[in-house]
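Below is one structure, written out as structure tokens, with a few remarks after it.
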Amino acid sequence: MEGMAIRLTGLRKAYGRTEAVAGVDLEIADGEFFSMLGPSGSGKTTVLRMIAGFETPSGGTVELAGRDVTRLAPFERDVHTVFQDYALFPHMTVEQNVAYGLKVRGVPRAERLVRARAFLTRVGLDGLGRRRPAELSGGQRQRVALARALVGRPRVLLLDEPLGALDLKLRERMQVELKEIQREVGITFVFVTHDQEEALTMSDRIAVFHQGRIEQVGTPAEIYERPGSPFVAGFVGTSNLLSGDTARQVVGTPGTYSIRPEKIRIVRDPAAPAASGLATAAGTVAEVVYLGDSTRFLVDLDTGGRLTAVQQNLETSSADLAGFRGARVALRWHPSHAVRVPETT
Ligand code: ADP
Ligand code: MG
């Protein structure tokens, strides 16, 4: 990590009695792909708008590249925002849309066009510069918005759920492409999403938001494998928590534990001996969900509580699963995969 792109200190925003942002401290490094992940209403957009300067904080400070910009107007900050609805100018061509920001800054016409075309190529829109936004697909419009944002080479790019309007296939493709473009241009991206898979796929680091606060900051692997709170364990990935008496009996020690579904093996004969060192719990299959490439088993444990186990359909087919509902099974996992989750106080 080189320099610091963004530093938020004690950032707060209240709308009347609503505390939209309730004290956020965060540092984002130059060149990072950083995601803010959280459910709707958790304060992500408000934080983004305070970084951009569209919203004045009720408390705390925003620093960009070491400079306190808390009281500066949006145009005085070296950031650019891409919104979910793209906000393209409908009467301008694609090229004019991309070149617009350069025009405002007084870049000569010939140079504007060269730079606009270069960025249209970079986002895969070669040859579409003369069209108008209405003549493009959703995914293409998204790329225009991205080219328009990148052409001015801002130090920081803020993206608020930019892929939300796209269908699943296109969204998955854009996730990969966005990440590639970001790596290429080396600009700091702050990416807001409520989609945990999207955040895990693209980010160098993720901040998980909950009720106006950050619950955890970490790499995708840290967030997924070592959730810092029951909320994070449940929001990122499938909630598979053991606590109270169940934890005492199954894990052997009190506390709250998370076991990821893909770490749990399901054994059809509950009396079969377990390989040494494996943890085991007996239960009854409450539900079987066939997902094509894998199958999800919801198992009610004899000790109380329910665990979800996921298995790849390596040898099983849908026909083999028919008898599973109601069956007595054993669940097995390596003890190191029962991860202690700190309680939030
Ligand atoms: P997110 O982007 O995570 O969905 P927001 O930052 O948009 O969350 O909103 C956080 C909270 O602040 C919500 O409860 C929302 O209703 C409230 N809020 C956001 N903007 C305003 C506003 N302009 N006026 C009043 N309340 C707002
Ligand atoms: Mg939002």
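Whatever order the structure lists them in is the order used to number ligands and atoms, beginning at 1. Because the structure is a prediction, the values reported are computed rather than measured.
- Counting only residues at least two apart or in different chains, side chain to side chain donor-acceptor pair (under 3.5 Å) contacts with residues 232-241 are absent.
- Proximity of a side-chain donor or acceptor of E172 to a complementary backbone N or O of K169 within less than 3.5 Å is not detected.
- Taking a heavy-atom cut-off of under 4.0 Å, ligand 1 is surrounded by Y15, T18, A20, P39, S40, G41, S42, G43, K44, T45, T46.
- Two rings, from F297 and F324, have their centers less than 6.0 Å apart.
- Residue-and-atom listing of protein N/O/S atoms under 2.8 Å from the Mg ion (ligand 2), sorted by chain and number: T45 OG1.
- Ring planes of H334 and H337: perpendicular class, angle over 60° (limits at 30 and 60°).
- Cation-pi geometry between R148 and F89 is met: under 6.0 angstrom from the ring centre, within 45 degrees of the axis.
- Side-chain atoms of T193 come within 3.5 Å of backbone atoms of D195 as a donor-acceptor pair (strictly under, hydrogens ignored).
- F191 and F33 have their aromatic ring centers within a separation under 6.0 angstrom.
- Summarising the local packing, CD of E197 is surrounded by 12 or fewer heavy atoms from other residues, nucleotides or ligands at distances under 6.0 Å.
- E111 pairs by the salt bridge (charged side-chain N to carboxylate O under 4.0 Å, His left out) definition with R115, not counting sequence neighbours.
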